[in-house]
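Just so you know, these numbers use all the heavy atoms, side chains as well, and skip hydrogens, waters and symmetry mates.
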Amino acid sequence: MSRVRVAVLVSGHGSNLQALLDACAAPDCEAEIACVVSNREDAGALERARAARVPALVIDRDGQDAAGLLALLRHHAIQLVVLAGYLKKVPDTVVAAFRDRMLNVHPALLPAFGGPGMYGRRVHEAVLASGTRLSGATVHLVDEQYDHGRILAQWPVPVHPGDTAETLAARVLAVEHQLLPAAVRGCCRQVLAGASPSGLFVAGERFVPSVGPSQPLDHALIPA
Ligand code: GRF
């Protein structure tokens with residue numbers, strides 16, 4: 001079975017990368033993690049890549065060497081790029097080269113609580129400050145603006161009374177670990193079929209705002 005060659009870009013711990021590596025260990029997985037790329041040589045995610053015997057590559061710290069990044073992605077024959085806790089803006093030329101072939105996972109329900117400066121703890125602090133009772137995780141296509149591209153998959157997560165940024169982040173992250181592999185696999189199926197991941201996506205019919213992270217995946221919005 002042919003697999004889609006995926007590059008994962010990371011800056012931090014790489015727990016989402018681990019979820020992808022674990023999913024790709026299944027013999028029927030449509031994705032193959034062909035390389036992991038980090039702008040930080042001390043990123044824990046690189047250790048996870050090495051442990052999985054996946055090439056672990058380091059690029060410039062500000063991530064703005066577009067030609068270098070493109071050359072690296074081409075060298076590894078990458079078909080799909082996944083940003084999993086990657087904290088730098090991807091240069092426009094790289095976004096253009098992977099139009100509709102680059103995904104990001106964001107720890108809130110976009111289009112709310114996204115944009116420049118909205119990353120990590122700040123996202124959850126903003127959610128709590130807003131008083132909303134609903135957060136979640138989003139997988140979306142990457143375009144030239146932060147957290148702006150077409151939404152591909154979302155999973156709602158309740159905000160509990162007394163939540164802190166840490167407790168909410170942990171609840172959302174647990175959902176990301178299921179949503180991101182499902183979305184990547186769905187996109188890879190579409191790529192293998194010659195379609196674009198920006199194509200058909202559906203909401204699970206039982207999607208309701210009160211579902212929690214313990215609900216099965218068909219409560220999420222997932223690729224068709
Ligand atoms: C995740 O919450 C992701 O949504 C955000 O950064 C975090 C990365 O966590 N973009 P990890 O490095 O995958 O553990």
Look only at the side chain of [X] and the backbone of [Y], and say whether a donor-acceptor pair between them is shorter than 3.5 Å.
{"X": "Q64", "Y": "D62", "result": "yes"}
{"X": "D60", "Y": "D65", "result": "yes"}
{"X": "D147", "Y": "G115", "result": "yes"}
{"X": "R122", "Y": "G117", "result": "yes"}

Separation of [Y] [atom2] from [X] [atom1] (nearest 0.5 Å):
{"X": "N104", "Y": "L141", "atom1": "CG", "atom2": "CG", "answer": "10.0 Å"}
{"X": "L173", "Y": "L179", "atom1": "CG", "atom2": "CG", "answer": "11.5 Å"}
{"X": "S135", "Y": "L109", "atom1": "OG", "atom2": "CG", "answer": "5.5 Å"}
{"X": "R3", "Y": "I33", "atom1": "CZ", "atom2": "CD1", "answer": "9.5 Å"}

Might you point out which heavy atoms bring [X] and [Y] nearest each other, and give the distance in Å?
{"X": "P158", "Y": "D163", "value": "O-OD2, 4.4 Å"}
{"X": "C188", "Y": "A31", "value": "SG-CB, 3.6 Å"}
{"X": "L192", "Y": "S2", "value": "CD2-OG, 3.5 Å"}
{"X": "A56", "Y": "A49", "value": "CB-CB, 4.0 Å"}
{"X": "T164", "Y": "T167", "value": "N-OG1, 2.8 Å"}
{"X": "S38", "Y": "S11", "value": "OG-CA, 4.1 Å"}

For [X], give me all partners under side chain to side chain donor-acceptor pair (under 3.5 Å), at least two apart in sequence or on another chain.
{"X": "T138", "value": "Q154"}
{"X": "H160", "value": "R171"}
{"X": "R99", "value": "E144"}

Flag the pair [X] / [Y] as yes when at least one side-chain heavy-atom distance between them is below 4.5 Å, and no otherwise.
{"X": "P107", "Y": "E176", "answer": "yes"}
{"X": "L152", "Y": "H140", "answer": "no"}
{"X": "H76", "Y": "P55", "answer": "yes"}
{"X": "V184", "Y": "C24", "answer": "no"}
{"X": "Q178", "Y": "W155", "answer": "yes"}

Output all residues satisfying side chain to side chain contact (heavy atoms under 4.5 Å, CB included) with [X], sequence neighbours left out; order by chain, then residue number.
{"X": "A169", "result": "H124"}
{"X": "A45", "result": "V10, L17"}
{"X": "H148", "result": "D143, Q145"}
{"X": "T132", "result": "F113, V127, S130, L134"}

Among L20, L80, V36, whose side chain to side chain contact (heavy atoms under 4.5 Å, CB included) with V6 holds?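 Going through L20, L80, V36 one by one, the side chain to side chain contact (heavy atoms under 4.5 Å, CB included) with V6 is satisfied by L80 alone.
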Mind checking who shares a hydrophobic cluster with L69, ILVMFWY linked at side-chain heavy-atom distances under 4.5 Å?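 L9, V37, L57, I59, L70, L72, L73, I78, V81, L83, Y86, V90, V94, V95, F98, M102, V142, which link up through side-chain heavy atoms under 4.5 Å apart, make up the rest of the cluster.
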Other cluster members, L87 - Ile/Leu/Val/Met/Phe/Trp/Tyr, side-chain contacts below 4.5 Å: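 Direct or chained contacts put L87 with Y119.
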Pairs meeting criterion salt bridge (charged side-chain N to carboxylate O under 4.0 Å, His left out) with involvement of [range], two or more places apart:
{"range": "residues 48-59", "answer": "E47-R50"}
{"range": "residues 70-96", "answer": "K89-D92"}
{"range": "residues 14-41", "answer": "R5-E32, D28-R185, E30-R185, E30-R189, R40-D42"}

Worked check of side-chain contact (heavy atoms from CB on, under 4.5 Å) between V54 and L21: CA-CA 9 Å; V54 170; L21 290 168; 4.0 Å; yes
hydrophobic_cluster_shared for L110 and Y146, side chain cutoff 4.5 Å: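 Cluster IDs for Y146 and L110 differ.
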